[in-house]
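Data block below; observations after.
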Amino acid sequence: MNNTTKRTALVTGANKGIGLETARQLADAGYVVWIGSRNLDRGRAAAEALSAHGEVRVVALDVTDEDSVRSAAAEIGAAHGSLDVLVNNAAVAMVEGEGPPSAVDLETVREDIEVNLFGPLRVTQAFLPLVKKSPEGRIVNVSTKMASLSPLADPESIQRAAQKAFPIFAYPVSKTALNSLTGWLAAELADTPIKVNSVCPGVNKTDMNSDPSGSHPSEGAKVAVRAAMLGADGPTGSFFDIDGPAPW
C-alpha cells in the first residue's frame with residue numbers, strides 16, 4: 001500500500017480481544033485506527049491503552065443499530081473523507097439455547113445471525129461509499145473454520161468429529177452466512193481495487209472462548225491484519241487462516 005499518506009482503518013468490536021489486538025497492530029503499522037465500540041467509555045479506555053502505538057480514535061458503534069452505524073460512518077467520513085480498511089470483527093456466540101440443529105433454540109440462531117451477519121452487512125453498506133473512495137480499500141470479515149461446509153461432507157474430517165463432540169449450530173451457521181457475504185461482495189466489487197476476504201483467527205483466549213489451550217488474541221489478530229494490508233496482487237473473495245487457505 002501507499003505509505004505517503006496516513007491510512008485509515010475501522011475495527012468493530014475493538015475494545016477488547018482480537019479486535020483490540022487488530023487495532024494495536026494496525027496502529028503499529030501506521031494507520032489511523034478507529035475503535036468501534038458499543039460502550040463509549042470502554043472504547044475510550046481501549047484507545048487510551050493503545051495511544052503509545054499510534055493515532056487511535058474511538059467511535060460509538062453498535063452493529064445492531066442502524067442509527068448508530070450511520071452516525072459512525074458520518075463521523076469517520078467527516079474526519080477523513082474515505083476509509084482504507086474495514087474490519088468486521090464484532091461478533092457474539094450465544095451459549096444459552098445453543099445446540100445441534102435438532103435442538104437449538106431458534107431465538108439463539110436469530111440473535112447470532114443478527115450480530116454476526118446482519119451486523120457486518122449493515123456496517124459494510126454504511127461504510128462502503130467511504131471504502132470506495134480509498135485507492136485500495138480492504139474489507140475483512142472475521143470468521144471461523146467452524147463455518148466451513150465442505151468438511152462436513154467428509155466423515156473423517158476433524159471438523160465433523162469436533163462438531164459431533166461439541167454440537168452447536170447457531171454460531172457456525174451465522175459465520176457460514178458471513179462467508180457467503182464475503183463471496184458475494186467480492187464478486188460485486190471485482191472490477192474495483194477493493195479486496196474482500198474472510199479470515200479465521202484460530203482458537204484464542206477471549207471472552208468468547210475460555211479454552212486454556214487458546215493462543216493470545218495478538219496471534220489471532222495477525223491474520224486479520226494480513227488481510228487488511230494485502231497488496232494489489234493479493235486475493236479477494238478468499239477465506240484463509242494464519243497458515244493459508246481455509247475450506248469453504
Side-chain angles (χ1 to χ4, degrees), residues 1-63 68-69 71-91 120 123-124 126-127 130-131 133-143 194-202 204-208 215-232 234 240-242:
M1 284 190 175
N2 186 349
N3 290 313
T4 60
T5 59
K6 201 79 169 177
R7 296 160 294 176
T8 57
L10 166 65
V11 184
T12 67
N15 61 285
K16 60 183 178 180
I18 294 170
L20 179 65
E21 292 300 329
T22 300
R24 185 196 308 275
Q25 292 175 30
L26 287 172
D28 284 338
Y31 287 78
V32 177
V33 180
W34 287 80
I35 286 178
S37 178
R38 285 186 303 169
N39 184 303
L40 202 50
D41 288 338
R42 291 177 184 173
R44 287 174 179 146
E48 177 62 26
L50 298 186
S51 60
H53 293 264
E55 190 172 351
V56 181
R57 305 180 184 182
V58 62
V59 63
L61 178 56
D62 180 346
V63 303
S68 172
V69 171
S71 177
E75 183 175 345
I76 293 176
H80 305 293
S82 65
L83 182 67
D84 296 296
V85 172
L86 168 61
V87 181
N88 284 310
N89 167 76
V123 171
T124 298
F127 281 89
L130 295 178
V131 178
K133 292 179 181 178
S134 167
E136 40 193 7
R138 303 289 180 263
I139 298 174
V140 183
N141 293 326
V142 179
S143 186
I194 299 172
K195 297 188 181 298
V196 187
N197 292 289
S198 283
V199 299
C200 172
N204 297 262
K205 287 181 283 189
T206 67
D207 288 353
M208 285 177 58
S215 301
H216 188 272
S218 60
E219 291 301 311
K222 289 178 181 177
V223 68
V225 172
R226 188 174 79 190
M229 298 180 65
L230 284 173
F240 51 89
D241 61 14
I242 201 68

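Here the structure is a predicted model, which is why all the values come from computation and not from measurement.
- Under the rule for a side-chain hydrogen bond (donor to acceptor under 3.5 Å, both in side chains), the partners of Ser198 that lie at least two apart in sequence or sit in another chain are Asn179, Thr182.
- If you take OG on Ser143 and CG on Asn89, they are separated by 11.5 Å, rounding to the nearest 0.5 Å.
- Smallest separation of non-hydrogen atoms from Leu40 and Ala60: CD1-N, 3.7 Å.
- The side chain to side chain contact (heavy atoms under 4.5 Å, CB included) with Val199 is formed by just one residue from the set Val223, Val87, Thr22, Asn141; it is Val223.
- Leu10 contributes atom CG, which lies 10.5 Å from atom CD of Glu75 (distance to the nearest 0.5 angstrom).
- In this view, Asp62 and Arg38, Thr64, Asp65, Ser68 satisfy the side-chain contact (heavy atoms from CB on, under 4.5 Å) rule, not counting sequence neighbours.
- Under the 3.5 Å distance criterion, the side-chain polar atoms of Thr12 are left unmatched by any main-chain donor or acceptor of Asn88.
- Phe240 approaches Ala227 most closely through the heavy-atom pair CZ-CB, 3.7 Å.
- Between Val123 and Val69, the shortest heavy-atom distance links the atoms CA-CG1, 3.8 Å.
- Summarising the geometry, atom CD1 belonging to Ile35 is positioned 13.5 Å from atom CZ belonging to Arg42; distances are rounded to the nearest 0.5 Å.
- Atoms NE2 and CD, on His216 and Glu21 in that order, are 5.0 Å from each other to the nearest 0.5 Å.
- Contact check for Ser218 versus Arg24: no side-chain heavy atoms found under the 4.5 Å cut-off.
- Between the side chain of Glu55 and the backbone N or O of Tyr31, no donor-acceptor pair lies under 3.5 Å.
- A donor-acceptor distance shorter than 3.5 angstrom exists from the side chain of Lys195 to the backbone of Ala232, with no hydrogens or angles considered.
- Arg7 places a side-chain N or O within 3.5 Å of a backbone atom of Ala29 that can act as its donor or acceptor partner.
- If you take NZ on Lys222 and CG on Asp241, they are separated by 13.5 Å, rounding to the nearest 0.5 Å.
- Side-chain contact annotation: His80 with Ser82, donor-acceptor N/O pair under 3.5 Å absent.
- The minimum heavy-atom distance linking Leu61 with Ala72 is given by the pair CD1-CB, 3.9 Å.
- Counting heavy atoms from C-beta outward, Ile76 and Arg57 have side chains that stay 4.5 Å or more apart.
- Of all heavy-atom pairs spanning Ala47 and Val58, the tightest one is CB-CB, 4.5 Å.
- Looking only at side-chain heavy atoms (C-beta outward), Asn15 and Asn39 stay at 4.5 Å or farther from each other.
- A side-chain donor-acceptor contact under 3.5 Å links Arg138 to the backbone of Leu230.
- No side-chain donor-acceptor contact under 3.5 Å links Asp84 to the backbone of Gly137.
- Between atom OG1 of residue Thr8 and atom NZ of residue Lys133 there is a gap of 12.0 Å, rounded to the nearest 0.5 Å.
- Scanning all heavy atoms of the two residues, the minimum distance from Leu20 to Ala46 falls at CD1-CB, 3.8 Å.
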